Amino acid sequence: MFKKLSKSALSAAVVVAAAAAVLTPTSATATASAARAPLSGARIAVHFDLAKGQTPENVALAPGGAAYVTFAEGRQIAEVSPAGAVRILATLPVPADGGVHTPALGFPLTVGIVRAHDGTLYFLYATGTADLTGVWRLRPGGQPQRIAALPADGLPNGLALDAATHTLYVTDSVLGTIWSVPTSGGTPTAWSTAPELAAGGFLGANGLKIHNSALWATNLDKGTVLRIPILPGGQAGEVRTEATGLPGIDDFTFTGHGDQLLAALNGPSEVALVQSDGSHSIVLAPADGLQNPTSIALRGDTVYVLSAAYVTAKDPNLLLAHLNR
């Protein structure tokens with residue numbers, strides 16, 4: 001019963017985002033087939049099990065070829081080997097109310113994940129309850145432990161790690177906030193509550209990365225990429241909108257060419273290449289096997305794209321492609 005309800009809640013919620021994406025005109029979509037030169041050799045490397053709640057939400061890559069993935073609906077942290085074998089490392093507890101009060105979605109889900117140099121995984125869990133929502137830690141061979149509570153009426157989503165300052169940054173897609181939390185745990189600080197982070201009806205601030213002394217975030221509802229400088233004292237600088245017109249934008253990764261990035265567009269099931277001047281083109285599309293992509297990462301010249309199939313409800317997967325530099 002609960003699994004059926006959670007799938008229904010998830011599908012209904014993401015349909016809103018997908019519908020918004022479909023209704024938002026974008027010239028890049030019309031020219032997708034002519035704009036794929038930066039990527040080649042796209043192939044599905046791993047098929048996940050939708051019946052088991054294996055809807056990949058975020059990914060962190062590790063030396064040696066492994067990928068660590070959050071399965072949103074399964075409330076799980078998993079390791080995907082270079083050969084494609086999936087091993088569940090942890091399953092988070094179900095909240096007492098089943099998670100029905102989780103903001104915007106109505107079911108509990110594991111969300112953003114990052115990996116520290118020592119192999120420690122930090123990840124987010126959103127449940128709508130004060131006892132479980134927050135930042136969690138999983139040390140190699142250990143058990144998951146919450147190290148910082150986040151507001152139960154929010155939806156922690158994207159996660160970034162500043163290893164130099166031992167700081168974790170978290171986007172809250174409902175409260176329109178970026179939180180900062182020490183890696184040792186403790187009380188979170190509202191690092192930025194800029195209006196550009198706010199939702200426009202469903203989910204606001206989403207993906208999050210640290211790049212060139214700034215935090216970069218996406219806003220799913222507004223289809224934007226934002227840059228917030230990290231000032232010398234650690235405070236947030238003035239927000240600048242770097243790109244617009246990216247419907248359903250979720251996670252992203254930088255390519256290594258200045259501020260150029262690749263972004264997962266959840267609703268339209270596309271990946272966009274966003275140039276430093278904010279212009280963009282579509283480089284992967286549903287025909288390549290994308291099923292509502294949620295996260296994207298880069299290892300060398302290999303692009304990892306994870307699809308959760310939230311709306312399509314078929315074949316959540318890991319797609320690999322070659323980045324032609």
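The shown structure was predicted, so the numbers you read here are calculated from the model rather than taken from an experiment. FYI, side chains are in, hydrogens and waters are out, and symmetry mates aren't considered; it's all heavy atoms of this structure.
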Tabulate below the donor-acceptor pairs under 3.5 Å that side-chain atoms of residues 151-174 make, not counting sequence neighbours, or state none.
unit_1, atom_1, unit_2, atom_2, d
Asn157, ND2, Ser173, OG, 3.0
Asp162, OD1, Ala164, N, 3.1
Asp162, OD1, Thr165, N, 3.4
Asp162, OD2, Thr165, OG1, 3.3
Thr165, OG1, Thr167, OG1, 3.0
Thr167, OG1, Thr165, O, 3.1
Thr171, OG1, Gly158, N, 2.7
Thr171, OG1, Asn206, O, 2.6
Asp172, OD1, Leu155, N, 2.9
Asp172, OD1, Val174, N, 3.0
Asp172, OD1, Leu175, N, 2.8
Asp172, OD2, Leu155, N, 3.4
Ser173, OG, Ala205, O, 2.5

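A donor-acceptor contact closer than 3.5 angstrom links the side chains of Gln76 and Thr91. Tyr310 and Glu57 are linked by a side-chain donor-acceptor pair at a separation below 3.5 angstrom, with hydrogens and angles left out of the test. Using a 3.5 Å distance cut-off with no hydrogens or angles, the side chains of Thr244 and Thr224 do not pair a donor with an acceptor. A donor and an acceptor atom, one from each side chain of Glu73 and Thr55, are nowhere located under 3.5 Å apart.
No path of Ile, Leu, Val, Met, Phe, Trp and Tyr side chains, each step under 4.5 Å between heavy atoms, connects Leu50 with Phe71, placing them in separate hydrophobic clusters. When hydrophobic clusters are built by joining Ile, Leu, Val, Met, Phe, Trp and Tyr residues whose side-chain heavy atoms come closer than 4.5 Å, directly or via intermediates, Val59 is not grouped with Leu298.
Not less than 6.0 angstrom separates the ring centroid of Trp216 from the ring centroid of Phe252.
Annotation: side chain of Thr253 is not in contact with side chain of Tyr304 (no heavy-atom distance under 4.5 Å). Side chains of Pro247 and Glu270 form no contact here, defined as non-hydrogen atoms less than 4.5 Å apart. Using a 4.5 Å heavy-atom cutoff, the side chains of Pro316 and Ser307 are not in contact.
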Between Val135 and Leu150, is a side-chain contact (heavy atoms from CB on, under 4.5 Å) present by the stated rule, with each step listed?
CA-CA 7 Å; Val135 181; Leu150 289 169; 4.0 Å; yes
Walk me through it: do Leu273 and Thr255 pass the test side-chain contact (heavy atoms from CB on, under 4.5 Å)?
CA-CA 9 Å; Leu273 178 70; Thr255 66; 4.3 Å; yes
side-chain contact (heavy atoms from CB on, under 4.5 Å) between Tyr122 and Ile147, worked out
CA-CA 9 Å; Tyr122 297 93; Ile147 62 170; 3.9 Å; yes
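Counting only residues at least two apart or in different chains, ring-ring contact (aromatic ring centres under 6.0 Å, His included) contacts with residues 81-104 are absent.
The line from CZ of Phe254 to CD1 of Ile296 is 12.0 Å long, rounded to the nearest 0.5 Å.
Salt bridge status for Asp251 with Lys209: present, with a side-chain N to carboxylate O gap under 4.0 Å. A salt bridge is absent between Glu238 and Arg240; no separation between the charged side-chain nitrogens and carboxylate oxygens falls under 4.0 Å.
Think of Leu132 as one node in a network of Ile, Leu, Val, Met, Phe, Trp and Tyr side chains linked at under 4.5 Å; its network also takes in Tyr68, Ile77, Leu89, Leu92, Ile113, Leu121, Phe123, Tyr125, Trp136, Leu138.
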